[in-house]
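Let me begin by presenting the structure, written as structure tokens, before commenting on it.
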Amino acid sequence: MDVLAELNPAQREAVEAISGPVLILAGPGSGKTRVITHRVAYLITVCGVSPLRIMAVTFTNKAAREMAERLFNLVSGSAEQLTLGTFHAICARILRQDGRALSIDPRYVIYDADDQQRLLKRAMQEIGIDPKQYAPPAVGAAISWAKSHMLAPADYVRRGRSYFEEIVSRCYERYQQLLTESNALDFDDLLMKTVQLFQKSPDILSRYQSRYLHILVDEFQDTNLVQYELVKQLAAGHRNICVVGDPDQSIYSWRSADLRNILSFESDYPDAKIVLLEQNYRSTKTILDTASSVISANAQRKPKNLWTDNEAGELARVVETYTEQEEAQFVVSEIERLVDVGEARLGDCSVMYRTNAQSRVIEEAFIRYGVPYKLVAGTRFYERREVKDVIAYLRLVHNPQDTVSLMRIVNVPGRGIGQQTLARLSEWARSLGIAPSEALRLLAGSPESDNAPEHPFSPRAARLLADFWTMVGDLMARSREMDLIALFDTVVESTGYRDYLASGEGGEERWENILELRGVAQEYRHLGPSEGLAALLEGVALVSDVDSLDETTDRVTLITLHQAKGLEFPVVFIVGMEERLLPHIRSFDDPAQMEEERRLCYVGITRAKRRLYLVYSFRRTLMGSSTLTRPSRFLEDIPRHLISTPGWWQEGTDRVTEAVYSWNRPPSDAPDRPREPVVPGELPHLKAGDHVRHTQFGEGVVVSCKEVRDDSEVTVAFVDQGVKRLLLSYAGLTKTS
DNA sequence: CGAAAGGCTCTTTTT
DNA sequence: GAGCCTTTCG
């Protein structure tokens with residue numbers, strides 16, 4: 001087939017520019033993925049490049065999988081020979097292969113954010129830094145920043161900018177020692193160590209350089225400095241480097257992503273061909289205009305000329321609800337309505353939010369109304385306690401030095417090894433300058449003989465620890481010849497973990513999760529004992545939440561705005577369009593971060609193909625207490641003519657809001673009726689004991705009345721409906737006595 | 001040693 | 001509201 005057919009001129013240009021550096025600036029919905037896949041297909045089928053010599057870097061595993069699928073359709077079999085994956089996955093493979101040159105044992109394990117946190121706390125404790133005074137997450141973020149800038153502990157020390165950095169550098173140093181001791185790498189290490197490997201071993205680098213004739217990087221605006229350095233290293237020989245990105249969709253600066261990489265690319269490769277993809281195929285004109293109006297308010301940006309041939313479509317709807325529960329309720333019932341009238345299928349609809357915490361209320365509404373949904377993060381599967389526990393056992397068997405896994409499961413199920421004993425173990429190991437597991441080995445190696453090492457344990461504790469390690473040793477021995485699934489089952493059984501689950505809370509469900517993990521392990525079975533285990537552990541370490549998103553089921557998608565990047569849906573609801581939430585309060589004191597919030601909003605809007613709802617709630621419970629909100633400033637930048645207008649004017653702004661409060665929602669056969677806002681003061685002031693009537697809730701007695709801003713919040717005990725809190729000006733109350 | 005209860009803090013986004 | 005940590009009691 002002709003891989004150039006069905007491409008517009010700009011897309012075709014991007015596909016055909018195969019030699020030398022290329023920068024593709026791709027607006028949302030401009031067929032970016034199409035360009036990348038067709039470019040690879042073009043290289044293979046037209047230019048005769050072997051797929052073995054092409055590297056394509058994606059942002060998530062899911063994106064990689066999709067690209068592989070699409071490529072399979074274009075070039076059939078040869079797609080699987082491609083090097084295709086995230087930076088982290090590709091680096092993990094390189095280090096597994098060649099890490100020895102940096103003294104990295106190929107059995108290394110990958111620590112996720114939670115493991116990282118545990119190890120960091122350990123490090124801080126050891127060097128006597130109070131976690132109350134220096135929050136481990138903040139220290140961890142600083143360490144991550146350092147690694148993203150390729151600063152080893154020694155380099156970081158030399159910065160010496162502030163007292164905090166001084167503290168961080170000490171934590172960093174010890175943390176890194178503990179990682180090495182555990183034969184473990186964290187996410188940032190995967191990238192940093194690969195760059196270091198290439199710096200240290202030019203021969204290894206040149207092997208990769210000559211292998212990869214063509215390199216493509218997607219979502220380039222969200223790469224950080226190490227990632228860009230890696231790209232430069234790999235592309236240094238042949239310079240066939242193609243990066244694709246959109247500065248307006250840069251939303252990961254908190255992960256040290258730096259959209260300045262795009263500018264650097266232009267200066268590092270002054271001969272780079274720049275291709276602009278500006279035609280949007282995804283959204284209606286209204287949605288695209290809405291998105292543009294929001295993003296245009298960013299000062300630090302190059303103006304773009306996005307356009308579309310698509311029809312104008314429906315106006316955007318800006319909706320106000322009273323509480324977050326009603327917000328969720330509105331979303332669910334509106335989706336039901338769209339489905340009822342045949343406007344959309346459930347699978348066409350998505351609900352996007354700024355913070356994961358918002359998903360709970362939304363989810364509850366979907367459950368209550370019995371509408372099928374899929375939650376992209378949830379309690380992420382691989383973060384569940386039981387799943388992590390079993391993985392910890394497997395990791396320990398694979399790499400006995402893994403301190404975090406050891407400490408995690410040494411007493412799970414309970415083996416009578418308490419905190420006191422573990423504290424002594426840590427201290428003892430540290431005094432000997434060895435990892436805790438190594439200390440256990442000493443202890444278990446010569447149990448009751450006279451040449452047993454001096455140790456600080458009671459006879460009982462020593463025996464329990466030795467028994468535990470004997471059990472681990474036994475599993476290790478068996479793992480070398482045992483089939484992966486047999487090993488899995490043995491681990492779960494012989495450690496007593498299965499019985500432990502069965503006897504605890506929610507054992508059934510937890511056991512289901514273990515079986516699901518077992519199902520994942522099945523996929524690695526064919527690789528043979530040790531190989532399979534290594535591959536399984538690497539696989540589970542590098543999955544992301546969106547990876548599991550399944551587009552084939554007809555369910556509503558609940559997703560964070562960050563996760564939504566790269567996806568599209570016919571119908572999009574963005575909820576929590578409020579000051580302090582979107583934009584998030586943490587961005588208020590930093591203009592650059594505020595611009596990123598705006599980009600996040602832009603990303604959300606541009607996911608929509610046909611219908612867009614921007615929803616906010618008048619009240620919201622944050623951190624356990626309910627507060628009044630203000631509509632997001634981003635709403636003010638949307639011109640009125642793009643918004644549907646059955647609502648009411650908000651004084652002093654250009655904003656039109658549609659208020660959807662459950663108690664004055666019209667009967668389902670009537671069209672939406674705009675609510676008449678009641679001017680405060682028309683009602684006599686209510687006080688406790690007054691009898692009132694509400695249009696929906698019926699008769700009730702006022703419990704209390706509290707002034708809020710220039711309104712009053714009335715708490716009413718209704719005869720049939722229980723106690724409700726209402727806002728005086730909106731509630732439509734009549735005084736009856 | 002381990003379970004349970006109480007008290008504290010802090011909440012963004014994730015490979 | 002939740003998750004973490006500490007304290008307390010058995």
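Lettering follows sequence order; numbering is per chain, from 1.
Taking 4.0 angstrom as the limit, Lys121(A) places a side-chain polar atom (N or O) nearer than this to OP1 or OP2 of dC5(C). Residue Thr560(A) places at least one side-chain N or O under 4.0 Å from the OP1 or OP2 atom of dT14(B). Of the side-chain N and O atoms in Asn356(A), one or more sit less than 4.0 angstrom from OP1 or OP2 of dT13(B). Remark: Asn411(A) is not in phosphate contact with dC1(B), judged by side-chain N or O atoms under 4.0 Å from OP1 or OP2. Regarding contacts with the backbone of dT13(B), every side-chain N or O of Gln563(A) stays at 4.0 angstrom or more from both OP1 and OP2.
Rounded to whole Å, the distance from CD1 on Ile559(A) to P on dT14(B) is 9 Å. Atom P of nucleotide dT14(B) and atom CD of Glu383(A) are separated by 10 Å, given to the nearest angstrom. Rounded to an integer number of Å, the gap from Lys132(A) NZ to dC4(C) P is 15 Å. To the nearest angstrom, P of dT13(B) lies 16 Å from CD1 of Ile574(A). Between the P atom of dC1(B) and the CG atom of Leu464(A) lies a distance of 9 Å, rounded to the nearest Å. In this structure, the OH atom of Tyr228(A) is 24 Å from the P atom of dT15(B), given to the nearest Å. For Asp188(A) and dT15(B), the CG to P distance is 13 Å, given to the nearest whole Å. If you measure from atom OH of Tyr500(A) to atom P of dG2(B), you get 11 Å, rounded to the nearest angstrom.
The 12-atom threshold is not exceeded at CZ of Arg580(A), counting heavy atoms of other residues, nucleotides or ligands nearer than 6.0 Å.
Not less than 6.0 angstrom separates the ring centroid of Tyr175(A) from the ring centroid of Tyr111(A). Aromatic ring centres of Tyr228(A) and Phe220(A): separated by under 6.0 Å.
Across all strands shown, Gln116(A) has no heavy atoms under 4.0 Å from either base or sugar-phosphate atoms. Heavy atoms of Thr421(A) sit under 4.0 angstrom from primed sugar atoms or phosphate atoms, though from no base atom. Residue contacts shown for Phe87(A) are absent, as no nucleic acid heavy atom lies under 4.0 Å away. Residue Leu561(A) is out of contact with every strand shown, counting any heavy-atom pair closer than 4.0 Å. Arg460(A) comes within contact range of the sugar-phosphate backbone alone, with a heavy-atom separation under 4.0 Å but no base atom that close. Within the nucleic acid shown, Glu596(A) has no heavy atom closer than 4.0 Å to any nucleic acid atom.
Of the two residues contacting DNA chain B, namely Gln419(A) and Ala89(A), the nearest-nucleotide position lying further toward the 5' end is that of Gln419(A). Nucleotides of DNA chain C nearest to Glu364(A) and Asp114(A) differ in position, and the one nearer the 5' end is that of Glu364(A).
Taking only side-chain atoms of Arg360(A), from C-beta outward, the nucleotide of dC1(B), dG1(C), dT13(B) with the closest atom is dG1(C).
In this pair, Trp254(A) lays its aromatic ring flat on the base of dT13(B), centres within 5.5 Å and planes under 30 degrees apart.
Counting only heavy atoms from C-beta outward, the side chains of Pro28(A) and Arg607(A) approach each other to under 4.5 Å. Counting heavy atoms from C-beta outward, Leu440(A) and Leu406(A) have side chains that approach closer than 4.5 Å.
Stacking of Arg510(A) on the aromatic ring of Tyr497(A) is not recorded, the 6.0 Å distance cut-off and the 45° axial limit not both being met.
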Would you tabulate the side-chain donor-acceptor contacts of residues 131-142 of chain A under 3.5 Å, counting partners in other chains and residues two or more places apart, or write 'none'?
none

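For DNA chain B, each stem of at least three Watson-Crick or G-U pairs (distances under 3.5 Å) is given as range with range: B:1-10 with C:1-10.
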